[in-house]
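A short write-up of the structure that comes next.
Numbered from 1 within each chain, the chains take letters A, B, ... in sequence-line order.
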Protein chains: 2
Amino acid sequence: MGIKLTDVAKKAGVSATTVSRVINNYGYLSQKTIDKVHKAMEELNYQPNSMARSLQGKNTQLIGLIFPTVSHPFYGEIVSKIETKLFEKGYKTILCDSANNKEKERDYLRMLIANKVDGIIAGAHNLDIIEYKNVGLPIISFDRYLAEGIPIVSSDSYQGGRLATEQLYQRGGRKIAIFTGTNESASPTNQRLNGYLSVIKEHHLDPMVYHFPLEYSPFLKATEIRQILSRDKIDSVFCTDDLTAILVINKAKELGLEIPEQLKVIGYDGTEFVQNYFPQLSTVLQPMDQFVDLLIDLLMKRINNADVELDNLYQLSVKFIQGQTS
Amino acid sequence: MGIKLTDVAKKAGVSATTVSRVINNYGYLSQKTIDKVHKAMEELNYQPNSMARSLQGKNTQLIGLIFPTVSHPFYGEIVSKIETKLFEKGYKTILCDSANNKEKERDYLRMLIANKVDGIIAGAHNLDIIEYKNVGLPIISFDRYLAEGIPIVSSDSYQGGRLATEQLYQRGGRKIAIFTGTNESASPTNQRLNGYLSVIKEHHLDPMVYHFPLEYSPFLKATEIRQILSRDKIDSVFCTDDLTAILVINKAKELGLEIPEQLKVIGYDGTEFVQNYFPQLSTVLQPMDQFVDLLIDLLMKRINNADVELDNLYQLSVKFIQGQTS
DNA sequence: ATGAAAGCGCTAACAA
DNA sequence: TTGTTAGCGCTTTCAT
């Protein structure tokens with residue numbers, strides 16, 4: 001293997017203990033010794049072995065991130081932000097793209113335990129609640145219900161759903177549809193639907209709810225959207241994510257529908273990516289940076305004190321962004 | 001800490017060694033013992049400590065991935081694919097978003113060494129070559145020159161550049177511009193420019209080369225693109241990445257330019273994301289899955305035999321995808 | 001101010 | 001077929 005502590009000790013003419021003290025900046029040391037050791041470390045290009053360090057029961061400074069996939073710009077963006085902030089705090093990130101696959105998620109969870117990560121931030125779940133309960137590690141969840149006692153950070157999806165739907169109504173929409181994912185009753189995301197329904201009800205409109213299974217490919221989804229748009233009388237669509245909204249816009253154009261005159265579209269997420277490359281899209285902006293700050297703050301609290309009292313749900317407020325599609 | 005091997009040994013009434021043998025499926029064991037141990041492991045919900053294992057000098061089964069940022073769909077997609085494939089092979093992925101930041105990249109490199117990763121796949125570099133040379137770990141590079149002896153996997157950028165430019169010419173383009181990144185002479189990416197130049201020369205056209213610094217925000221880039229489009233006489237643009245192409249299309253629309261009649265645009269990358277959500281874009285498709293397979297194959301070869309002879313450069317062929325923007 | 005020795009959880013000779 | 005023992009690289013009492 002590489003250069004180790006004893007090599008440095010030998011070179012500097014001191015004991016291993018002393019080198020360890022220098023590295024950890026701990027105990028009494030003469031400046032002369034410190035310099036000697038530093039010099040030896042540099043000459044040997046020495047890197048302490050993290051494995052050996054964490055064997056003592058010290059923190060691994062490793063955090064597991066479980067998200068569906070970073071190939072999705074929304075998750076890519078939040079993962080990137082989390083990773084960056086964690087790195088600044090001296091943590092490394094183990095990336096786990098669960099791919100919405102139960103087996104893979106279970107394997108990952110095991111692996112993270114085996115690797116003695118200090119904590120987990122999870123934005124995906126397909127496992128039974130019990131499996132998350134048994135992890136016995138600090139976990140914070142993003143936008144999903146995992147298990148009792150695991151705090152959830154999410155946007156105020158109910159308000160977000162209301163905001164988008166109300167906008168569509170104000171702009172003249174009367175046949176307002178919602179395009180959303182599969183019904184996961186316990187997750188905050190589902191509140192977008194409830195927000196939509198409440199506004200629909202207030203205005204005495206007919207709800208038009210379309211569910212798209214998670215495992216649908218974008219192509220399949222697009223095909224179905226095209227069918228819906230050409231078949232059903234719809235003048236407005238609230239999509240519970242921006243990418244679906246983009247599909248709707250593409251298909252509407254193919255069908256010769258004028259946007260926003262004949263069809264109004266509002267998305268949900270408002271990533272930097274969408275703001276930069278699809279600035280025309282009206283959307284509900286989720287506070288990504290606040291998510292990240294809060295997720296990490298909460299996780300750090302749990303890591304430093306496993307018994308700290310945390311709320312079950314943290315809801316951050318959203319903002320409507322007026323584009324040209326509504 | 002958690003449950004350890006000796007706890008299992010005690011519970012099963014055997015020695016630690018025996019438990020170790022069961023875990024590693026190694027040496028002679030009676031079925032009875034195996035069952036006993038398995039039973040104890042399950043009852044205790046035991047997970048071996050990877051740290052302790054790798055201290056013996058065994059592989060950590062950890063791979064470091066250094067890429068600019070997974071918030072970019074191209075890198076998000078390739079990182080996601082790499083991660084998935086590595087996981088299937090029993091490796092875990094440490095994600096390093098270098099953010100094109102020299103300090104961060106250096107810190108990451110140190111950290112990966114300290115964590116004794118088995119290898120590195122790097123798709124970013126801002127460090128001096130010497131630093132990569134000194135890593136002393138299997139490294140494979142994606143699309144960048146890192147140092148002598150570190151194999152590069154990339155698309156055939158020269159051909160790609162020719163392909164796109166030739167297409168623009170065939171479709172009637174005579175004022176063909178290229179929008180590209182900063183000049184990094186040693187990197188394959190730069191060959192896209194050379195491919196462009198060669199076709200321009202063949203047809204006796206004037207080269208129109210626009211460089212955009214890497215650190216430009218999309219907004220800044222868009223502003224500049226708008227200026228260029230309204231100021232200079234250009235009838236075609238070859239963008240060396242798809243996102244820039246999207247910006248060009250957005251700004252062209254703002255300026256009332258008809259696409260492809262008044263302005264033809266071709267991008268480069270052809271991620272699944274762009275194919276799904278921007279199907280109208282003409283682009284040069286990079287073979288993502290082949291990249292991933294090759295990167296991992298090469299890395300595994302180096303991991304299993306540090307002295308294995310590998311080529312310096314692996315160029316995979318690209319494919320032109322005809323959309324509606326050219 | 002520094003060093004010797006024990007031990008973190010696991011594996012691998014070597015014995016039995 | 002199983003157990004004993006030493007040791008991976010580092011930290012941490014306890015001495016000196």
Would you say [X] places a side-chain N or O within less than 4.0 Å of OP1 or OP2 belonging to [N]?
X: A:Arg21; N: C:dT2; result: no
X: B:Lys58; N: C:dA12; result: yes
X: B:Tyr46; N: C:dC10; result: yes
X: A:Arg53; N: D:dT11; result: yes
X: A:Thr18; N: C:dG3; result: yes
X: A:Ser20; N: D:dT12; result: no
X: A:Ser15; N: C:dT2; result: no

Quick one: do A:Glu77 and A:Lys81 make a salt bridge, cutoff under 4.0 Å?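 Salt bridge absent between A:Glu77 and A:Lys81.
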Salt-bridge present (B:Glu103, B:Arg106; N to O < 4.0 Å):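 A salt bridge is present here (some side-chain N lies under 4.0 Å from a carboxylate O).
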Specify the residue among B:Leu29 and B:Gln56 whose closest nucleotide of DNA chain D lies further upstream toward the 5′ end.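 The residue closer to the strand's 5' end, by nearest nucleotide, is B:Leu29.
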First encountered from the 5' end of DNA chain D, between B:Ala52 and B:Lys32: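 Nearer the 5' end of the strand: B:Lys32.
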Can you tell me how far [atom2] of [N] sits from [atom1] of [X], to the nearest Å?
X: B:Asn24; N: C:dG9; atom1: CG; atom2: P; answer: 17 Å
X: A:Ile3; N: D:dC8; atom1: CD1; atom2: C1'; answer: 16 Å
X: B:Met51; N: C:dC8; atom1: CE; atom2: P; answer: 17 Å
X: A:Tyr26; N: C:dA1; atom1: OH; atom2: C1'; answer: 13 Å
X: A:Lys36; N: C:dA1; atom1: NZ; atom2: C1'; answer: 11 Å
X: A:Lys4; N: D:dC10; atom1: NZ; atom2: P; answer: 8 Å
X: B:Leu55; N: C:dT11; atom1: CG; atom2: P; answer: 11 Å
X: A:Asn59; N: D:dC10; atom1: CG; atom2: C1'; answer: 15 Å

So does A:Lys85 have more than 12 non-hydrogen atoms from other groups sitting under 6.0 Å from NZ? yes
B:Asn25 atom CG, over 12 foreign heavy atoms within 6.0 Å: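 Not buried by this count: 12 neighbours or fewer within 6.0 Å.
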Using 30° and 60° as the class boundaries, would you call the ring planes of B:Phe67 and B:Tyr75 parallel, tilted or perpendicular?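 Tilted, since the angle between the ring planes falls between 30° and 60°.
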If you compare all heavy atoms of A:Ala40 against all heavy atoms of A:Lys11, which two are closest, and at what distance to 0.1 Å? CB-CG, 3.8 Å
Parsed dot-bracket for DNA chain C after applying the Watson-Crick and G-U rules with both distances under 3.5 Å and | for other-strand partners is ||||||||||||||||
Of D:dT12, C:dA1, C:dC10, the nucleotide closest to the side chain of A:Ser30 is C:dA1
If you check every side-chain atom of B:Thr33, which of D:dT2, D:dG9, C:dT11 has the closest atom? D:dT2
If we only count heavy atoms from C-beta on, is the A:Ile63 to A:Val117 side-chain gap below 4.5 Å?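 No; the side chains remain at least 4.5 Å from each other.
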Among side-chain atoms of B:Thr17 and B:Ser20, is any donor-acceptor pair under 3.5 angstrom?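 Distance-only check fails for B:Thr17 and B:Ser20.
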Contact class for A:Val19 vs. all strands (heavy atom < 4.0 Å): base, sugar-phosphate, or nothing? nothing
